[in-house]
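Structure first, then comments.
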Amino acid sequence: MNDTRFDPSSADGRWQKAWDEAECFRADSASDRPKSYVLEMFPYPSGRIHIGHVRNYTMGDVLARYKAMRGHEVLHPMGWDAFGMPAENAAMEKGVHPGKWTRENIESMKAQLKRLGFALDWSRELATCEPEYYGHEQALFIDLFEAGLVYRKESEVNWDPVDQTVLANEQVIEGRGWRSGAEVEKRKLAQWFLKITDFAEELLDGLESLDKWPDKVRLMQENWIGKSRGLQLAFDLSDGGRVAVYSTRPDTIYGASFVAVAPDHPIAQAVAAKDPGAAAFIEECKRGGTTAADLETAEKKGYLTALTARHPLLGSELPLFIANFVLMDYGTGAVMGVPGHDQRDFDFARKYDLPILRVVGVSAADADRPLGTTAEPGEGVLVNSGPLDGMDVDSAKQWVIDRAEREGWGEGKTVWRLRDWGVSRQRYWGTPIPFVHCDACGVVPVRKADLPVTLPEDIDFATPGNPLARHESWKNTTCPKCGGAAVRETDTLDTFVDSSWYFLRFASQPADRPFEPEEVAKWLPVEQYIGGIEHAILHLLYARFWTRALARLGMVEFTEPFASLFTQGMVTHETYFRREPDSGRMVYFAPEEIARDAKSAVLKEDGFPVSIGRVVKMSKSKRNVVDPDTIIAQYGADAVRWFMLSDSPPERDLPWSESGIEGCARFVQRVWRLVGEHDPAAQGEDADLARKTARSVHDVAETIEALHFNKAVAKLYELVGALEKAAPSASRTRGIQTLFQLVAPMMPHLAEEAWHSIGQLGLIANAPWPEVDESLLVEDEVTIAVQHRGKLRDTLTVPKGASKETLEELALASDKVQRSIDGAEIRKVIVVPDRLVNIVT
RNA sequence: GCGGGUGUGGCGGAAUGGUAGACGCCGGGGACUUAAAAUCCCCUGUCCUCUGGACGUGUGGGUUCGAGUCCCACCACCCGCACCA
């Protein structure tokens, strides 16, 4: 018997050191083993590892370690998405330099990751905030510019009129600046854009090849790209001008009761020049945030202009509005309003008392049935539409497009919802855009020999706004073209640019180029990419675009960077709170301040109860966070890793619980106790246990490959239970050794300690996955269900593959079944071999 | 508002259209111990007339010999919405 307990506080560090010294996780591109690139989305160095990171990286780690055991050469790197706003916020709040703050965070987070024993190749570590990284990004940006994929145009930003600075969407709270509290305005600035729309069709078509991506992510990207076929048509205006309108529902043209243009549409601007009411309305529209959610949840408002628009088929005059819900960026920035069949138009028509006409119904008989309280945007049969009456929606669309083209007032057009990618940020802590502005030569790229354009260190955050824009000695430079005086671009790149190619840099890190094409060809595409569902659209679409752009430039030979994608759920925790009696304000308490039993919770400090709130994503504001360091110190890395894999399916949320982690820590010890049961001298075979072991090897491999870690965990619980119960035998001794191999990817420290203790030489990290004797996987008996009218009455254990006749006979012979039938006439017997018999009376 | 997802015991969940609740947590009972910790064993969806039976997978309908699984409608919650990463 093995009385000692497994002690993570000494074992974890010892084995982590052993792996480091043996360079177990260094990826060798010269190896002739099949290559596997396992990648988790790299973290933003916020200061501390979050439990969500632990879950993400544990999943990747299990896969990386498993692949290595299956004989693959594994690339499993880690780096830092190190540019971004929180560093600037820290600079403003604490006076610490963003670079210092970021680099210190990286150091402490790296130490945290090491304590979890991840099989990472730290020799490839990178941080996007270092010139060794972002300098190459600047070179790539210039390459894209030269390929015609970069341009500048005016675009709206959130402007804080008090702080005189641009705000990110998250810094706008209920239409006001988060620091100043001032009402935010929309303001136009000249900004840099990447032509992602050039790739719209490719990015859409490419989704089809991504058969190892979740369908939901592909669907979200498809909807985001938003290819639509519709009609662009012109309405003649009463002042002699014209307005171009785009509609995806040209079939409903006979139901149009108004035309509306965006507040920043040229026609709106022209109207405003003469009409102070219109000008005031446009000003009003400029207030508030710029996000789509803001615009679409805001009350629909319009301004009725003096102009009218002539309906091209009816010849009637429709009122022309300026409306806050029309987007200048989509289609032509103008719409025809069909209230009956579009909810926004419906709401608008209600408000301004415009006609609401039904032009689509379930059948022709619907023509006179009025619309209810909502629009009917669906399919149907055209009514009240002259020549279209009786047509289905698709035929009517085509008829209207054909007629418009024939008569010259419109044409069929494909329109994309996807907009070009605005990459300008008016901020310091990002990759400087490597361009200068010269009065003589215009906008000129920095010479590649002069890269990187590095960020100046001597900056101040005493005043709001971009420190680069007021840094005279950094800003003033000479023009690479004419040598005259010039000013540097002071915008920096969106951090999504940094994360659009880091996976290439992990494959190789030459000093003179962004990456080594031969090395990239060896490792890429990433075999398995793992990250949060919140990145389903933006990051993943941008990375796909960037890769395609590089492919167009001939720099890489593939178009999709991530062959297989997995999106994991969040880690959640209960919340504990009290409501302040006076203000009604919620006061949250951290888990460590709480004593919790099965039904209630009290605050340790005063012994009085607190309310138990819902289980939500861990966040600082709800104080329901658990610090990985604390729990590693308390339970050991393996228990924490095991918890991350247990119970919840990896794509779903995982609720953290104290009792759950304690159960995991107990299980680690249970596995450890089997070391004492490993008896090399034990004799005799145990056929059932041998079968169970073989079945476990097979099932655990299958579930890990499918990333169903919770099921792998359940299989391992079963195997441990079976090994504990079995009497000593050679089969049991072999089974225990096999168990250690199976748990090695999940609890690697314990596995090493156990491996060593049973006398194995070398590291289990370098050991192979156990072989399985296929003949042991064949079952010879099955239990089948016997139902009467679909309800279970009995079960039978029969030889596998028994005939239908035999099964029917055995089923009818059952007392329980006969009692249930109770002499009724048997009308039908359904027999599914090896499954069930269902008797219908 | 729009797009995407999720919903099964007290809790996390399992279940190729075929035995609902595997496995784990919590809880209850017992063994061991001077005692405790640790460990081990048993029980644990609800209800009833309890050697059996009825009900039960967010709600309401439907298809089927058979539905957690497929179809329709609805409800609740979560994620994203282009300057958070």
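In what follows, chains carry the letters A, B, and so on, assigned in the order in which the sequence lines appear, proteins first and then strands, with residues in each chain numbered from 1.
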OP1 or OP2 of [N] sitting under 4.0 Å from any side-chain N/O of [X]?
{"X": "Arg425(A)", "N": "rC83(B)", "answer": "yes"}
{"X": "Arg666(A)", "N": "rC26(B)", "answer": "yes"}
{"X": "Arg793(A)", "N": "rU19(B)", "answer": "no"}
{"X": "Lys791(A)", "N": "rC55(B)", "answer": "yes"}
{"X": "Ser646(A)", "N": "rG24(B)", "answer": "no"}
{"X": "Lys711(A)", "N": "rA15(B)", "answer": "yes"}

Counting heavy atoms from C-beta on, name the nucleotide in [options] closest to the side chain of [X].
{"X": "Lys216(A)", "options": "rC23(B), rA14(B), rG5(B)", "value": "rG5(B)"}
{"X": "Arg5(A)", "options": "rA82(B), rG18(B), rA38(B)", "value": "rA38(B)"}
{"X": "Glu170(A)", "options": "rC84(B), rA82(B), rC78(B)", "value": "rC84(B)"}
{"X": "Arg427(A)", "options": "rC83(B), rA82(B), rU19(B)", "value": "rC83(B)"}
{"X": "Leu538(A)", "options": "rC81(B), rU19(B), rA38(B)", "value": "rC81(B)"}

(message) Looking only at side-chain N and O atoms, does Thr165(A) offer a donor or acceptor that is under 3.5 Å from a partner on Asp160(A)?
(response)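 No.
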(message) Any donor-acceptor pair under 3.5 Å linking the side-chain atoms of Trp501(A) with those of Tyr133(A)?
(response)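 Indeed, the side chains of Tyr133(A) and Trp501(A) share at least one donor-acceptor pair under 3.5 Å.
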Counting any heavy atom closer than 4.0 Å, what does [X] reach on the DNA or RNA strands: base, sugar-phosphate only, or nothing?
{"X": "Ala536(A)", "result": "nothing"}
{"X": "Trp421(A)", "result": "nothing"}
{"X": "Val829(A)", "result": "nothing"}
{"X": "Leu654(A)", "result": "nothing"}
{"X": "Gly569(A)", "result": "nothing"}
{"X": "Phe496(A)", "result": "base"}
{"X": "Asn710(A)", "result": "sugar-phosphate"}

(message) Using the P atom as the point on both nucleotides, what is the distance between rG68(B) and rA15(B), in whole Å?
(response)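 Going atom to atom, P in each nucleotide, I get 15 Å.
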(request) Determine the Euclidean distance between corresponding C1' atoms of rU19(B) and rC25(B); express it in Å to zero decimal places. (result)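 So the two C1' atoms sit 25 Å from each other.
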Report yes if a donor N or O on one partner sits less than 3.5 Å from an acceptor N or O on the other, where the partners are the side chain of [X] and the base of [N]; otherwise report no.
{"X": "Glu724(A)", "N": "rC40(B)", "answer": "no"}
{"X": "Gln171(A)", "N": "rC84(B)", "answer": "no"}
{"X": "Asn223(A)", "N": "rG3(B)", "answer": "no"}
{"X": "Arg827(A)", "N": "rC65(B)", "answer": "no"}
{"X": "Asn838(A)", "N": "rC65(B)", "answer": "yes"}

Spacing between [X] atom [atom1] and [N] atom [atom2], to the nearest angstrom:
{"X": "Arg670(A)", "N": "rC23(B)", "atom1": "CZ", "atom2": "P", "result": "11 Å"}
{"X": "His535(A)", "N": "rG80(B)", "atom1": "NE2", "atom2": "P", "result": "9 Å"}
{"X": "Asp794(A)", "N": "rG52(B)", "atom1": "CG", "atom2": "P", "result": "11 Å"}

Just by distance, do the side chain of [X] and the backbone of [Y] share a donor-acceptor pair under 3.5 Å?
{"X": "Asp329(A)", "Y": "Arg419(A)", "result": "no"}
{"X": "Thr58(A)", "Y": "Arg641(A)", "result": "no"}
{"X": "Thr492(A)", "Y": "Arg427(A)", "result": "yes"}

(message) Could you check whether atom NZ of Lys816(A) has more than 12 heavy atoms from other residues, nucleotides or ligands sitting under 6.0 Å from it?
(response)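 It does not: Lys816(A) NZ has 12 such atoms or fewer within range.
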